[in-house]
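As structure tokens, the structure follows; a few thoughts come after it.
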Amino acid sequence: MSGPPAGTDPAWLPDEAFRAVGSRRVQVRGEGPLVDTVRAEAARARARFGGAADGPADLVLCLDGSGDEGPEGFTLERTAGRTTVTAAAPAGLLYGFFEVVRLGEDAFVEAPARTHRPAVAERMLNHWDNVDVHPVMGQVERGYAGGSLFWQDGQARGDLARVRAYGRLLAACGINALSVNNVNVHPAEARLLTDRITEVAAIADELRAYGIRTHLSVSFAAPVLLGGLDTADPLDEDVRQWWRAAADHVYAHIPDFGGFVVKADSEGQPGPFAYGRSHADGAGLLAGALAPHGGTVHWRAFVYDHTQDWRDRTTDRARAAYDHFAPLDGQFADNAVLQVKHGPMDFQVREPVSPVIGALPHTEVAVELQVTQEYTGQQRHVCALAPLWSQVLRFRPEGAEGPTVGTIADSLVAVSNVGDDPYWTGHPLAQFNLYAFGRLAWNPDADPDQLLTEWLELTFTPDRSAEPERLRAGLRAVLAGSWATYEKYTAPLGVGFMVQPGHHYGPSVDGYEYSPWGTYHFADRDGVGVDRSAATGTGYAAQYAKPWRETYESADTCPDDLLLFFHHVPYGHVLHSGTTVIQHIYDTHFEGVAEVAAAREVWASLAGLVRPDVHERVSERYAEQERCAREWRDQINSYFLRASGVPDAHGRRIH
Ligand code: GCW
């Protein structure tokens, strides 16, 4: 397999992106470790592009505690002769510096002062990294970019240079928090909390230099597993004491430690249910231990019955998070954050927004997205997810007059797509997903298309290319519509899954149909889809506030792209688009493959305009994407032709 020439790909921070800054005289005013980071960045850029060391400064970055930019904001002012970044706190200076990098020459064109502040205070990545290589899941669970960046041979890496480089990339897109281990906490990894905390501390030291706080996934059963207690009951005094001591120990090594991430009573992980306690009790236990140190517990809402009987039509996995957590509103500790996946199921290519978001007004809420492409092509397919996330973040759970998800969220979290692959993300174009997540977390209203422009300008510096416009147009063509394309050739109309069990790559229409995971499409000879209406189905639609509960309740008003998520309809049902469900399935699957083939050709035409190694790596992946898209098309179309007996209106070949 190909790789970048010098070992690690620079992603969105190639030297070339620093040309405008590096060829100017830059002055950094202020003291402290993060200010030193900014100073080092400026010096590095100057060393590369020869900016003057003396004389009047073109760019001044100034820490000024009297400003009102807040802990991470900055004011950027561009007057005729000078660009100034002012921040009240060091992190703001760092983000201001990277804003100037992003603007390039534009940063030195006159513009009025503007203050930038992140809309969301906590912008976090979760790594599902195992310290040891797991026999089934590998080292990074749902990881498609090689092994872990943090862990190697059963311990923290000795050389953490790449971790620092990662922190730098993350700071440049606005991320300020990160958890270093899998939420499925295996026994060896559980010990990171106690006798192995120095390994976590070494990682935290690297990330701190770029303003990132480190968090740790912990096992709810830690007092039993590690402490030798005979219970992990959250109301037991010995258990409480054990956690307090554990937290004290962590903070002795990592004074700015962010807190714990917990997957409890979920897919086999231990939790408070074993003791007849609620999840508010469970979260409260850990929140109490962290509170004296200013830490936070991220308590995941991904709680559902993963051993259900497919014959049991009364159980609906989509309902589970709301049923478990909505009644607990008001009972969570102030420093507990309920971390909710953006959809009710599991990061499918299309899901409605989870009704949990907005249903707990007295609870801190984190919305969890998935940058790693578990169900969206596993970084073998191009699937730029910014438009999906943007739809989620702009959704208004209470209708037009209410707040957006981006406003409701106190924290935005995403599962990272990074590993020790030289391109960081396996597929070089999957870097855009990581960048876009950070930028959307900073500003959930950001236009995904604008983010694509930002990213490609930084990463590919088209101005330095022989054919800037052709390069820009080509990159946009392969990325901008890629999520829509992926949706076309995979599971239709919001029905979800239809993937191969276990690894979740490639089609298997009935792969999850008779399984215990609660993931069904109910296709028969007459129709397909899940009735989640209140009138005749599982009642899930009624978990939404108005107007959505009414919109989703009826197949007449339900949006086409979610129709099969909410309703079981006949194949001849006519969509708002004017076509029938069955014909929509055929059409989109033919289109999806055609779009992949076209994108692949566009990519081929960019040879010579992008770095050869990147071109080769992406070309290899396109071959697989096209093969896989055809497989999806043929399995889905054949399955539904056989089930329905309805021929394609255009007489195309279906097997
Ligand atoms: O999407 C599912 C994945 C599991 C994952 C789980 C979760 C970490 O298939 O691999 O476990 O979600 O979010 O906890």
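In each ligand, atom 1 is the first atom listed, and ligand 1 is the first ligand listed.
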| field | Close aromatic pair by centroid cut-off 6.0 Å: Trp299 and Phe260 | value | no
| task | Assert yes or no for the condition that the ring centre distance of Phe566 to Tyr552 is strictly below 6.0 Å. | result | yes
| query | Is there side-chain contact between Phe325 and Ser278, with at least one heavy-atom pair below 4.5 Å? | reply | no
| Heavy-atom distance to atom 12 (O) of ligand 1: which of Arg142, Glu374, His503, Lys341 wins? | Lys341
| query | Can you tell me which residue and heavy atom of the protein come closest to atom 14 (O) of ligand 1, and the distance to 0.1 Å? | reply | Lys263 NZ, 2.6 Å
| said: Show the atoms of ligand 1 that are less than 4.0 angstrom away from any heavy atom in Glu141. | reply: 4 (C), 5 (C), 8 (C), 10 (O), 11 (O)
| field | Phe497 backbone acceptor or donor facing Thr519 side chain under 3.5 Å | value | no
| Among protein heavy atoms, which lies nearest atom 6 (C) of ligand 1, and at what distance? | Glu267 OE1, 3.3 Å
| message | Please classify the Met137 to ligand 1 contact at 4.0 Å (heavy-atom distances, strictly less than): side chain, backbone, both or neither. | response | neither
| request: Classify the side-chain pair Asp305/Thr307 by whether it contains a donor and acceptor separated by less than 3.5 Å. | output: yes
| said: With respect to Arg300, determine whether any N or O atom, backbone or side chain, lies less than 3.5 Å from an N or O atom of ligand 1. | reply: yes
| Are the side chains of Trp483 and Gln391 in touch, meaning some heavy atoms are under 4.5 Å apart? | yes
| query | In ligand 1, which numbered atoms sit nearer than 4.0 Å to a non-hydrogen atom of His504? | reply | 9 (O)
| said: Applying a heavy-atom cut-off of 4.0 Å, say which part of Val183 lies close to ligand 1: side chain, backbone, both or neither. | reply: side chain
| remark: The atoms of ligand 1 lying under 4.0 Å from a heavy atom of Asp346, numbered in the order shown, are 1 (O), 2 (C), 12 (O)
| Counting each atom of ligand 1 from 1 as listed, which ones have a heavy atom of Phe302 under 4.0 Å away? | 6 (C), 7 (C), 12 (O), 13 (O), 14 (O)
| note | Rounded to the nearest 0.5 Å, the CE atom of Met124 sits from the CZ atom of Arg213 at a distance of 10.0 Å
